[in-house]
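As a basis for the values below, the full set of heavy atoms in this structure was taken, side chains included, without hydrogen atoms, waters or symmetry mates. For the single chain, residues carry numbers from 1 onward in sequence order. Just so you know, these numbers come straight off a predicted model, no measurement behind them.
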Amino acid sequence: QVQVVESGGGLVQPGGSLRLSCAASGAITSVNAMGWYRQAPGKERELVAAIISAGSANIADYADSVKGRFTISRDNAKNTIYLQMNSLKPEDTAVYYCKVDQTGWPPGPYWGQGTQVTVSS
């Protein structure tokens, strides 16, 4: 069993910052990708940022709406990713979910329970 746990959500004012964390643990053979998704009320779940391991390097990808404001990073030794969110806007309000894909079996995807981010004055 693979477990995915997010943390770091909360209430923040527009222009503020938050840092989300996601830790994967359990029966992991090898993690090849981890990412952050979000789902706002009445909206479909969308990709926010993802990071893929390529040897010793990590390759990041971002949604256009968060480029320049959000930064994803990874601690490979801990199978943990982070999402540094700066210059937050009300439209960033959503439940943020972490997704994990692995090369083993079952490959997943494995989803966390989500963490609420609310941007409001």
Hey, could you give me each pair passing side chain to side chain donor-acceptor pair (under 3.5 Å) that has a residue in residues 11-25? Not counting sequence neighbours.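 Checked against side chain to side chain donor-acceptor pair (under 3.5 Å) - neighbours excluded - the pairs reaching residues 11-25 are S17-N86.
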
Which pairs with one or both residues in residues 92-102 pass side chain to side chain donor-acceptor pair (under 3.5 Å), sequence neighbours excluded?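 Passing the test, one end in residues 92-102: R38-D92, R38-Y96, R69-D92, K99-D101.
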
Results of side-chain hydrogen bond (donor to acceptor under 3.5 Å, both in side chains) for N76 - residues two or more places apart only: R74

Does the pair Q113 and E6 meet the rule for a side-chain contact (heavy atoms from CB on, under 4.5 Å), with working shown? CA-CA 7 Å; Q113 80 287 350; E6 307 102 327; 3.0 Å; yes

Work out which heavy atom in [X] is nearest to a heavy atom in [Y]; give both atom names and the distance.
X: Q116; Y: A94; value: NE2-O, 3.4 Å
X: A49; Y: L83; value: CB-CD1, 4.1 Å
X: A60; Y: I72; value: CB-CG2, 3.7 Å

Taking S120 for the side chain and T118 for the main chain, is one N or O donor matched with an acceptor at less than 3.5 Å? no

Donor-acceptor pair, T80 side chain versus A23 backbone, under 3.5 Å?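 No, T80 side chain to A23 backbone: no donor-acceptor pair under 3.5 Å.
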
Is I52 isolated, or which residues cluster with it under the ILVMFWY side-chain rule of less than 4.5 Å, directly or via members?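 In the cluster with I52 there is nothing else; it is isolated.
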
Applying salt bridge (charged side-chain N to carboxylate O under 4.0 Å, His left out) to K43 and not counting sequence neighbours gives none

Does S121 have any side chain to side chain contact (heavy atoms under 4.5 Å, CB included) partners at least two apart in sequence or in another chain, and if so, which? P14

With A63, which residues qualify under side chain to side chain contact (heavy atoms under 4.5 Å, CB included), at least two apart?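 For A63, the residues satisfying side chain to side chain contact (heavy atoms under 4.5 Å, CB included) (neighbours in sequence not counted) are S65, V66.
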
Pairs where residues 67-121 contributes a residue and the test disulfide bond (SG atoms under 2.5 Å apart) is met, not counting sequence neighbours: C22-C98

Going by disulfide bond (SG atoms under 2.5 Å apart), name the pairs with one or both residues in residues 49-93, residues two or more places apart or in two chains.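 The answer is none; no pair qualifies.
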
Answer with yes or no whether the hydrophobic clustering places V95 together with L47; edges join I, L, V, M, F, W, Y residues whose side-chain heavy atoms lie under 4.5 Å apart.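 Yes, V95 connects to L47 through the hydrophobic network.
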
In one Ile/Leu/Val/Met/Phe/Trp/Tyr side-chain cluster, 4.5 Å: I51, I28: yes

Within a reach of under 6.0 Å around CD of E91, are more than 12 heavy atoms found that belong to other residues, nucleotides or ligands?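 Enclosed: over 12 neighbouring heavy atoms sit under 6.0 Å from CD of E91.
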
Residues pairing under ring pair (Phe, Tyr, Trp, His ring centres under 6.0 Å) where one sits in residues 51-83, two or more places apart or in two chains, turn out to be none

Test: ring pair (Phe, Tyr, Trp, His ring centres under 6.0 Å). Region: residues 1-31. Which pairs qualify, not counting sequence neighbours?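 Counting only pairs at least two positions apart or across chains, no ring pair (Phe, Tyr, Trp, His ring centres under 6.0 Å) contact touches residues 1-31.
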
Once ring pair (Phe, Tyr, Trp, His ring centres under 6.0 Å) is applied, do any residues pair with Y37, and if so which ones, sequence neighbours excluded?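 With sequence neighbours excluded, Y37 shows a ring pair (Phe, Tyr, Trp, His ring centres under 6.0 Å) to W111, given in chain and number order.
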
Taking the side chain as every heavy atom from C-beta outward, state whether V117 and L20 have any pair of such atoms under 4.5 Å apart. yes

Using 0.5 Å steps for rounding, measure from the CD atom of Q1 to the OH atom of Y110.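 With rounding to 0.5 Å, CD (Q1) is 9.0 Å from OH (Y110).
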
